Enquirer: 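Mind looking over this structure? Questions follow.
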Amino acid sequence: MSKLYFIPGSQDLYGEECLKQVAADCRDMVGFLNEKLGDVVDIELLPTVETAKICVEDIRVAENDDDCVGVITWMHTFSPAKMWIKGLQHLTKPLLHLHTQYNEKLPYDSIDMDFMNLNQAAHGDREYGYIVARLGIAHEVVAGYYKHERVISQIRRFAEVAKAISLSKNLTVATFGNNMRDVAVTDGNRLESQIRYGWEIKYWGIGEIAKLANEASDAEIDAKMDEYTSKYTMATDNIEAVREQAKYEVALDKFIAGTGVGAFTDTFQDLFGLRQLPGIAAQNLMAKGIGFGPEGDYKISAFSAVLMKMAENRGGATGFIEDYTYDLTEGEELELASHMLEVPASFAASKPEIQVHPLGIGGKEDPARLVFDGVTGDGIQVTLVDMGDHFRIICADIELVKQPAPMPKLPVARIMYRHKPNFAIGTAAWCYAGGAHHSVVSTSLTRDDIAMFARLTGTEFIAIGDDTTEADLQKF
Ligand code: MN
């Protein structure tokens, strides 16, 4: 289980009795937080920071614990913040400054100076907040009584984002082939990606997968076919084409197990040794949380793995998608989003069908793919682009809708959505912001989740939604 450490602040001037009370109160609080958040994360109390030495020791514990994904700090009393400098300088994991108090209400009848000295987060958290800001440490502040539902849900969000950042910092992306020739937005600075997000982007030839696929045994292919037929409806007579995809997934499973990669890319321009573009193989893997980017898009491959991790406790659908074509009926504009093949199975509104059709480009054999209509409901569309001297995350609120009419001749999975606040402003803002045609759509994550990820990773963040106005377009 992932873990957050809770580090309270005080100082040794207050005397033993006061510090005992601080520690007891913190045990209470951590107990309560574990009750509320135990399904997502374990929270563990560390010794109260009374000196710079204890602060360094606490942060070292957090840094050295591989299960630890982040740190919560809170100043029960005043805690002179120079004591925190050296410790915080060691911290590389996500930091939550919980601005709260042990008591909800003021005891007006009994309050005296002892009470006020013991319970002074209003004072101590400002001193501490100053030094975190002064050190320029990316962090999240959550303010309010720790038992209030709003505060609990914000700490829960921090835990989920911190777990996603932990995955990000340990993520290896396998790129089979390179970025698609001539395509701009799918490329980016791989070195900066690793420095900022931790992604190790490693190249392999697609021949590695071709070799493993050719070595797949009948039993392994049969087992994969059983998985397919248990999850999906076989709607083709061309079983050989489906078995070909099963071979690719067997190969990818082995490759993933052997290398520890959590995300991969391929490109239809480099399928040397493969008879088909991976379709159902990629779709089925995406539904299991493996990141994927087509056409060598390492950024969206990694980002989709990170966001699927962020959403793992929430249900709903999260995964890669490509903007494709519009219905521009005035006032009722909709977008049809899909891909050549690789739409994650998690977007399916009902049981997907396995179908085999020719692929218009690439010059390979007809690939098997999952075909389905998409889920509906509120969602977000998120992308990450390289602006040359920094990365930018763009997050648009969307409404996923039922397709207005059947599309019997469209041989790929698809989702449809409405842009916010409307088509004209929403899509213009996306274009002004330099948003990609590859993105992650999620029905379980929200703008607030993505904003927190952006803040904690020091990434520029642009949000588009019902609060975006015509005037905002002038600011780009
Ligand atoms: Mn594409």
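Whatever order the structure lists ligands and atoms in, that order sets their numbers, starting from 1. Fair warning: this is a prediction, and the values are worked out from it, not measured in the lab.
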Enquirer: Mind checking whether E335 and D323 have side chains closer than 4.5 Å, heavy atoms only?
Expert: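 Heavy-atom side-chain distance check passes, below 4.5 Å.
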Enquirer: Do R190 and D386 sit within salt-bridge range, that is, some charged N less than 4.0 Å from a carboxylate O?
Expert: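 Judged by the 4.0 Å cut-off on N to carboxylate O distance, R190 and D386 do not form a salt bridge.
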Enquirer: Check all N, O or S atoms of H339 and name the one closest to the Mn ion (ligand 1).
Expert: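 In H339, the heteroatom (N, O or S) nearest the Mn ion (ligand 1) is NE2.
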Enquirer: Taking only distance into account, with no hydrogens and no angle test, what donor-acceptor pairs under 3.5 Å do side-chain atoms of residues 261-270 form with protein atoms, sequence neighbours excluded?
Expert:
unit_1: T267; atom_1: OG1; unit_2: Q269; atom_2: N; d: 3.1
unit_1: Q269; atom_1: OE1; unit_2: R181; atom_2: N; d: 2.8

Enquirer: Need one value: angle at the Mn ion (ligand 1), E295 atom OE1 versus E322 atom OE1, rounded to 10 degrees.
Expert: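 Seen from the Mn ion (ligand 1), OE1 and OE1 are separated by roughly 160°.
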Enquirer: Side-chain donor-acceptor contacts of residues 285-295 below 3.5 Å, not counting sequence neighbours, with atom names and distances?
Expert:
unit_1: K288; atom_1: NZ; unit_2: E227; atom_2: OE2; d: 2.8
unit_1: K288; atom_1: NZ; unit_2: E249; atom_2: OE2; d: 3.2
unit_1: E295; atom_1: OE1; unit_2: H339; atom_2: NE2; d: 3.4
unit_1: E295; atom_1: OE1; unit_2: H438; atom_2: NE2; d: 3.0
unit_1: E295; atom_1: OE2; unit_2: H339; atom_2: NE2; d: 3.2

Enquirer: Does the shortest distance from the Mn ion (ligand 1) to an N/O/S atom of H438 fall below 2.8 Å?
Expert: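 True for H438.
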